[in-house]
Amino acid sequence: MAADLPCDDAGVCMVCGVAAPSEVDLLRCSTCATPWHSPCLSNPPALSEAAIWSCPDCSGDPVAPAAPAAGGELVAAVRAIEADTTLSDAEKARRRQNILAGRSAASAPDDDVDDSAEDDVLNIFGRSFSCAFCMKLLDRPVTTPCGHNFCLKCFNRWTHNGASACGKCRRPIPYKMVQQPRINSAIVSAIRAARMSKNTNPAAAGSSAGSHHYIQNVDRPDRAYTTERAKRGGKANASSGQIFVTTAPDHFGPILAEHDPRRNTGVRVGETWEDRLECRQWGAHLPHIAGIAGQSRFGAQSVALSGGYEDDEDHGEWFLYTGSGGRDLSGNKRTNKEQGFDQTFVKMNEALRQSCLRGYPVRVVRSHKEKRSSYAPELGVRYDGIYRIEKCWRKIGVQGTFKVCRYLFVRCDNEPAPWTSDDHGDRPRPLPNIPELKDATDINERDERPSWGYDEKEGRWKWMYEPPTSRKPVRTGLRPKTGKQARKRARSDEMPNDPEKLLNEFSCCICFQVMAEPLTAPCGDSFCKACLLGAYDNQSSVRERSHGGRTLRAQKIVKRCPSCATDISDFLADPQINRDIMDVIESLQRKGDTTTKDDAASYGYGADKAEEFRGGDLQEEADPEMDAEDNSESDTDADASCGRTVVGIKDQEGQQLQPQKRKGGVAIIGTDDGPSKRITASADVEQKGNKSHE
DNA sequence: TAGCAAGAGTTT
DNA sequence: AAACTCTTGCTA
C-alpha cells in the first residue's frame, strides 16, 4: 500500500514533514477538502485534473485492498447523483445506496451482510440511519457534537487522515472525540430492534433476545466490606464481597443461568459493574487487580482490558493483548509502567498460551480505564463475552527494548457485542492481518480442533469437547439451586415488531419518554434537548472567583452527563440536535399514527415533563457538602428500593431532578418497560475535573 | 508462605 | 500527576 498521507492540522505534510507547502504544491480534495502535499503523492493528478481531484481516501478504500481502483468512478457517479436537481433527497439516497451496494457485494466476499435485508432496515428508519461517508446503514454509530452520525470505521478513517472537522457540516470535532469516539447506544439498540422485528428465524432471534447492554445489578453486594480498616480505606482495601455465582474459580466459558441462582439469568453480554470487586462477585473475572485469571498448567479463564499495557490494540471483535510481567514492581511500585526485562511464557502468560493451544473460551471484560479504545465502557467494568486466542507470539514491545508476549483474541460469542447492531452473535470470521507477526518469535497456534467451536448445524458456539473439569471447590455463599427453587425466567423477550415498540428504543434517559429534539452527548448518551438543558438551567458555565478584592480567572463549572457522569459542559455550550434520530422518531410516529391512533397518543414528547423537572433547584442540591451526610445513607437507600435505586432523578413523574453525585454510589434508572441504565456518580461534581481537553 | 497482580484512596 | 500506601487473592 502506498503511504499516502495528507497534511495535518497545522498544515504540515505527514509524509515529508515540510511545514508549509507552497500553494502550488498544495492540493485540496474536491470531495472532503483535506489538504495534500502534491509532490508526496504516489499518483499525483495532472494539472488539468487538480480542480476535480479526489484524495486517495475518497477515491478508493485503502484498508480493503479487494476494492479495486473503481473508487474514482464511484465518487463520480455519486457526485452526478448529488448534482441532479430533479431528484428528491430520498431518491438521491436510494440511488447512492444502490451504487454502493453493488460495490460492497463485489469487494467484500467475507461480509455476510445481506444487502437487501440492510435495505429493509434502512427503510424502517426512513433511510435516516445511513452513514454520510459510506451511505450504508450505520455500523457502530458515533455522533459528533454537531449532531451528525457516522460509522465508527468511517469516522476513524476520516480523522486519522488529519481531518478535525465534521465531514458533513465542517464544524470542529473536539480533540477528545477524535481520540476516543463513543458509540451511540440509542442508535445501536434501535437498529438491532428493527433487525429483530425483520428476523423471522426464531433460532437467530432467540440467541440474542433480551441482550441488554446496560443491565442493572438488581442485587447489590451483600457484604462488600468486611473489616473496619477496609471501610476506612475505601474499596481498594475491601475484602471481596460474596460470590453470587456457583461456578468454580477455574470455570471456563460463559456464566449461565444455571450458575446464577440469585437472578437465574447468568452473566449477560453488556452487564456492567461499578468496579473490579463487583465484577469479581459475579464471577466474570475473579482477580481484583490482575488482568489475567488462569493457571499455568491448565489455561486462562478470563482477561481484563484496562489500559495497563500500551502495546494493547483494541478492534472490538478482535484485539491484541499483552502478557503480564516484565516490570520491576518491588517495593510497592504498583504503578511502574516501565519494562525492565523480557516477558516469557510463564505463569499467567503460559496460562493464556494453554488456552490458545486448546482453543478454550476466554471471558473478556473491558474497563473504563482503557482510554485508547472506542469499545471500552465509559464507566465501570463491562462483560463483553467469549473470545478465543487464535495465536500468540513474542516480539519487542513498543518501549523498544524488551520482549512482550502477544495474544490475538477473536470474539466467538452467541450474543452480539455491546457495540454492534447485529441481531445475532458472532460467526466464524477470517483472522485479521497482523503486520507485526513478521517480526515475531515463538509463534504458537492451535493445531487441533478447538474446544470451543462453531456448530454450523445449530448455528451457535458451543463446547466441542467436554469442558475441562474444575480443580477447585465452588466458593459461594449460596447453595446451588434445587429443582424446586429453580424459577423459569419470567421474561417474554418479545421484540418490537411495530413502530411504537421501536419508538421505545429512543427513550430519553431523563423523562423516559420518546425523545423530543434528541441530543447525543459526546459520551454517546441521548436525551431530549429540553430535558438535558433543563437539568442545568440554573447553572452558568463559569464561576467568577475573587480573592482579597482581586478578581481571579473564571473557573469552568463541570456539568456531568446524567447517565454516565462524563463532563459534557463543552457540548452543552452549543448542543446540536441529532436530526437523523429526530427524523426517525417522527417517521415512526407517523407510521404509528396510521395504525393505532389511540396508542400513539401515549408516546408524548418529553418537553412537558422537562418543564416540570426545571422546578428542582439543581445548584442547591449540588452543594458538595451535602454529600458527606448523604453518603452514609446511600447503602440503605439502595437496599430499600428493591435494588432499583434512582439517585437524583426521583421518579418517572419528574418531581425532582438532580445530578448523580453520591460518592461511589451506583444508581439504576429504569422502568418496567423502558430501557435501563446503570449510572455511577462521584461526589466531586464541581471539585475536580475543572480541566478540559482542548 | 513469598511474591506478584491492568486497584484505589491519600498525600505530595 | 505522580508517588506512596493500604490492602486482598491467588499462584507456585
Side-chain angles (χ1 to χ4, degrees), chain A residues 221 223-243 248-251 273-281 283-314 319-341 343-352 354 363-373 376-377 379-382 397 404-405 407 409 471-473 475 631 663-664 680 682-684 687-691 693:
Chain A
R223 283 191 296 276
Y225 317 102
T226 49
T227 64
E228 285 305 307
R229 177 65 193 80
K231 282 178 190 165
R232 282 199 301 276
K235 269 201 169 176
N237 296 339
S239 67
S240 167
Q242 196 176 79
I243 306 288
D250 53 355
H251 166 84
W273 304 280
E274 190 181 352
D275 53 32
R276 292 278 294 266
L277 276 164
E278 206 188 0
C279 169
R280 167 186 166 77
Q281 292 188 280
H285 183 70
L286 287 169
H288 97 247
I289 295 178
I292 306 166
Q295 305 76 37
S296 58
R297 286 163 64 200
F298 311 120
Q301 291 86 28
S302 59
V303 297
L305 282 128
S306 40
Y309 285 82
E310 53 194 323
D311 288 87
D312 288 1
E313 204 183 290
D314 193 0
F319 60 88
L320 294 174
Y321 195 76
T322 311
S324 64
R327 294 168 173 176
D328 178 14
L329 298 176
S330 61
N332 224 344
K333 285 199 289 285
R334 188 79 78 224
T335 46
N336 186 8
K337 301 272 183 214
E338 236 165 74
Q339 262 197 281
F341 42 94
Q343 289 183 358
T344 50
F345 287 119
V346 294
K347 298 181 181 174
M348 292 304 135
N349 296 348
E350 173 63 13
L352 283 176
Q354 289 299 326
R363 293 184 300 274
V364 170
V365 298
R366 281 182 173 82
S367 154
H368 68 105
K369 291 200 160 191
E370 172 55 85
K371 294 295 182 199
R372 295 164 306 143
S373 163
L379 280 173
V381 182
R382 184 186 66 209
V404 291
C405 296
Y407 303 87
F409 280 71
R471 290 150 221 274
K472 291 163 183 286
R475 271 192 50 177
N631 196 24
K663 191 168 189 173
T680 306
S682 74
D684 48 4
Q687 301 305 299
K688 290 181 184 173
N690 50 359
K691 300 184 185 86
H693 257 302

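Below, chains carry the letters A, B, ... as their sequence lines are ordered, and counting in each starts from 1.
The shortest heavy-atom contact between A:Met348 and A:Ser324 is CB-OG, 4.0 Å. A:Arg363 and A:His251 make their closest contact through NH1-O, 2.9 Å (heavy atoms, listed as atom of the first residue, atom of the second, distance).
Look at A:Arg280 and you'll find a side-chain N or O under 4.0 angstrom from OP1 or OP2 of C:dC10. For C:dC10, the OP1/OP2 oxygens have no side-chain nitrogen or oxygen of A:Lys472 closer than 4.0 Å. The phosphate of B:dA8 (OP1 or OP2) has a side-chain N or O of A:Lys369 nearer than 4.0 angstrom.
Rounded to a whole Å, the CG atom of A:Asp275 is 21 Å from the P atom of B:dA5. For A:Ile289 and B:dA6, the CD1 to P distance is 9 Å, given to the nearest whole Å. Rounded to a whole Å, the CE atom of A:Met348 is 16 Å from the P atom of C:dG9. In this structure, CZ of A:Phe345 is placed 16 Å from P of C:dA12, rounded to the nearest angstrom. For A:Arg372 and B:dA6, the CZ to C1' distance is 11 Å, given to the nearest whole Å. The nearest whole Å value for the distance from the CG atom in A:Asp250 to the C1' atom in C:dA12 is 15 Å. Computed from coordinates, the A:Gln281 CD to C:dG9 P distance equals 11 Å when rounded to whole Å. Atom P of nucleotide B:dG7 and atom CH2 of A:Trp273 are separated by 16 Å, given to the nearest angstrom.
For A:Phe319, the ring-ring contact (aromatic ring centres under 6.0 Å, His included) partners are A:Tyr387, A:Phe409, not counting sequence neighbours. Contacts of A:Asp311 classified as side-chain hydrogen bond (donor to acceptor under 3.5 Å, both in side chains), with partners at least two apart in sequence or in another chain: none.
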Q. Under a cut-off of 3.5 Å for both distances of each Watson-Crick or G-U pair, what dot-bracket string does DNA chain B give, using [ ] for crossing pairs and | for inter-strand pairs?
A. |||||.||||||
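For the pair A:Gln343/A:Tyr309, a side-chain contact is recorded, criterion being any heavy-atom separation below 4.5 Å from C-beta on. With contacts defined as side-chain heavy-atom distances shorter than 4.5 Å, the pair A:Ile243/A:Arg280 qualifies. You'll find the side chain of A:Ser373 stays beyond 4.5 Å of the side chain of A:Leu305, heavy atoms only. Counting only heavy atoms from C-beta outward, the side chains of A:Val365 and A:Arg276 never approach each other to under 4.5 Å.
Counting non-hydrogen atoms under 4.0 angstrom, A:Ile292 reaches nothing in the nucleic acid. Across all strands, A:Lys371 comes closer than 4.0 Å to no nucleic acid atom at all (heavy-atom distances).
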Side-chain donor-acceptor pairs under 3.5 Å in residues 294-301 of chain A, sequence neighbours left out?
unit_1: A:Gln295; atom_1: OE1; unit_2: A:Gln301; atom_2: NE2; d: 2.9
unit_1: A:Gln295; atom_1: NE2; unit_2: A:Gln301; atom_2: OE1; d: 3.4

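Summarising the geometry, atom CD1 belonging to A:Ile292 is positioned 8.5 Å from atom NE2 belonging to A:His285; distances are rounded to the nearest 0.5 Å.
A:Gln354 places no side-chain N or O within donor-acceptor distance of the main-chain N or O of A:Glu350, the cut-off being under 3.5 Å.
The stretch residues 294-304 of chain A touches DNA chain C through A:Gly294, A:Gln295, A:Ser296, each having a heavy atom under 4.0 angstrom from the strand. The stretch residues 306-313 of chain A touches DNA chain B through A:Ser306, A:Gly307, A:Gly308, A:Tyr309, A:Asp312, each having a heavy atom within less than 4.0 Å of the strand.
A salt bridge does not link A:Asp312 with A:Arg372: none of the charged nitrogens is closer than 4.0 Å to a carboxylate oxygen.
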